[in-house]
Amino acid sequence: MNIVERLDAIYAIAQHRAGYSAAEDAAHELAARWMREAGLGVSRDEVGNLFGTRGDACVWAGSHLDSVPTAGRFDGALGVVAAIEAAGRLPDAPLAVVAFRAEETGPMGSRRITSVPDAYLELHIEQGPVLAGLGEPLGVVTAIAGQARGFRVFEGRADHAGTTPMDARADALVEAAAFILHVRDCAREGTVATVGAIEVEPNATNVVPQRVTVAVDARSADAKLLDALIDDIGFEVQWKSDPVAMGDAFAAVLPDAPRLMSGAGHDAMFVPNSSMLFVRSLNGGISHHPDELSSAEDIALGVDALTAALDRLAR
Ligand SMILES: [Zn+2]
């Protein structure tokens, strides 16, 4: 089976393979079979992460096999099947292929890793349009963005929408609308900021809005820029993660590939000494959607780079 056929086989189990579901179990079983065929010894840790190990492995490669309800066939699965392929091409190298549990909900598996590899290598689809825009098949990830999530509340006064004159209103949603534009304008080079959810009370057509809660998501791969963005926007942070710098395992084998940050979280955030390589996403970079696509040619280049990086490290 080639890599595209393996991605098809995993997708055929189920489009939605929720963490710790029967569908994720089945995908892990299939990957375990391919690991054995590649000459790897299969084991699982206490949280169900799957390892295919050869020799005294200090170098890991992999990703995750769970998926979101609207998933395509590349997110996560590509990194696992690519690592199995690379392991097969390096029959003498001590290494481990890993499939982490439940990345899309946490991540739950990689977050609980206790053993420390010398290096963890993850090949992943970009899930965005940057590489396609550059006309480049592969991009070295410099860092995974830090994220801040929280909200800002606007208080007004509920009034009758028909009888209250415009100049006598305290409309919380009008205030919130100006804030949403402000959030967009605060995001400058190297940062992104999004309002993806609002809650309007009482949320009735004929009532002036009394109270609006606006959810804010702000991200940057630069910790200082992220803090400045939070200050500029002005919102109550409920949850925050720091940016995580990626290692140079892929930069060493692809010195001329473009560098980019990852705006999305990945297992590599939680595993020590991680390096990540992105494969160009087609169809406008769409992801978490059945139209998610990377070409077989780009994937082949990614697997070549993963193999070269593992060959360099696993000695
Ligand atoms: Zn993923």
Side-chain angles (χ1 to χ4, degrees), residues 63-64 67-68 70-72 74-76 79 100 102-108 110-111 120 122-134 136 139-153 176 178-199 213-247 250 258-272 274-281 284-289 292:
S63 192
H64 60 96
S67 64
V68 296
T70 57
F74 300 88
D75 179 3
F100 291 114
E103 190 271 348
E104 301 288 0
T105 44
M108 294 172 74
S110 53
R111 201 187 280 270
Y120 166 65
E122 182 166 351
L123 186 69
H124 203 283
I125 54 162
E126 183 198 341
Q127 302 178 283
V130 175
L131 290 174
L134 294 171
E136 294 279 352
V140 173
V141 181
T142 53
I144 297 177
Q147 307 180 17
R149 291 187 198 165
F151 60 89
R152 173 108 163 240
V153 176
F179 174 72
I180 291 167
L181 296 175
H182 164 74
V183 171
R184 181 198 61 185
D185 294 342
C186 285
R188 303 213 174 82
E189 185 75 29
T191 67
V192 289
T194 306
V195 172
I198 63 170
E199 206 176 276
T213 306
V214 179
V216 179
D217 176 307
R219 306 188 190 202
S220 177
D222 181 310
K224 284 199 184 86
L225 286 179
L226 181 59
D227 285 338
L229 178 63
I230 293 165
D231 280 350
D232 286 352
I233 293 173
F235 68 106
E236 187 166 334
V237 175
Q238 280 181 304
W239 178 86
K240 183 167 176 259
S241 70
D242 290 325
V244 181
M246 292 289 103
F250 289 109
R259 308 294 196 256
L260 71 172
M261 74 147 190
S262 173
H266 293 288
D267 289 309
M269 289 165 70
F270 297 100
V271 187
S274 290
S275 296
M276 278 195 90
L277 183 66
F278 278 164
V279 177
R280 169 166 52 188
S281 289
I286 193 167
S287 185
H288 287 182
H289 187 281
E292 186 178 270

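Start at 1 with the first residue, then count along the sequence.
Minimum heavy-atom separation, Ala264 to Arg219: CA-NH1, 4.0 Å. Listed here is the closest heavy atom pair of Ile230 and Ala148: CD1-CB, 3.6 Å. Taking all atoms of both residues into account, the shortest heavy-atom contact from Met276 to Ala268 is CG-CB, 3.7 Å. Nearest heavy-atom pair across Gly263 and Ala145 is CA-CB, 4.1 Å. The two residues Pro107 and Phe270 make their nearest non-hydrogen contact at CD-CE1, 3.2 Å. The heavy-atom pair separating Phe74 from Ile125 by the smallest distance is CB-CG2, 3.5 Å.
Shown are His124, His289, His266; of these, the side chain to side chain donor-acceptor pair (under 3.5 Å) with Asp75 is made only by His124. When each of Ser63, Ser274, Ser110 is paired with Glu122, the side chain to side chain donor-acceptor pair (under 3.5 Å) condition holds for Ser63 and for no other.
Separating the OG1 atom in Thr142 from the CZ atom in Phe250 is a distance of 14.0 Å, to the nearest 0.5 Å. Between Arg259 atom CZ and Phe278 atom CZ the span is 13.5 Å, to the nearest 0.5 Å. Interatomic distance, Ser275 OG to Leu123 CG, rounded to the nearest 0.5 Å: 12.0 Å. To the nearest 0.5 Å, the span separating CG on Asp267 from NE2 on His64 amounts to 6.0 Å. Rounding to the nearest 0.5 Å places CZ of Phe235 at 7.0 Å from CG of Leu229. The line from CG of Asp227 to CG of Asp232 is 11.0 Å long, rounded to the nearest 0.5 Å.
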Notebook entry, point to check: After noting the C-alpha distance and the side-chain angles of Phe100 and Arg111, does the key distance pass the side chain to side chain contact (heavy atoms under 4.5 Å, CB included) rule?
Noted result: CA-CA 9 Å; Phe100 291 114; Arg111 201 187 280 270; over 6 Å; no

Checklist line | Test log, rule side chain to side chain contact (heavy atoms under 4.5 Å, CB included), inputs Thr194 and Val216 | finding: CA-CA 6 Å; Thr194 306; Val216 179; over 6 Å; no

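Scored by the salt bridge (Lys or Arg N to Asp or Glu O under 4.0 Å) test, Arg152 finds no partners at all (sequence neighbours excluded). With sequence neighbours excluded, no residue forms a salt bridge (Lys or Arg N to Asp or Glu O under 4.0 Å) with Arg184.
Side-chain atoms of Thr191 do not come within 3.5 Å of backbone N or O of Ser220 as any donor-acceptor pair. Between the side chain of His182 and the backbone N or O of Ile233, at least one donor-acceptor pair lies under 3.5 Å. Listed for the Glu103 side chain is no donor-acceptor partner under 3.5 Å among the backbone atoms of Gly76. A donor-acceptor pair under 3.5 Å is formed between the side chain of Ser281 and the backbone N or O of Gln127. Glu199 contributes no side-chain N or O that, together with a main-chain N or O of Thr213, makes up a donor-acceptor pair within less than 3.5 Å.
Ile180 places a side-chain heavy atom less than 4.5 Å from the side chain of Ile198.
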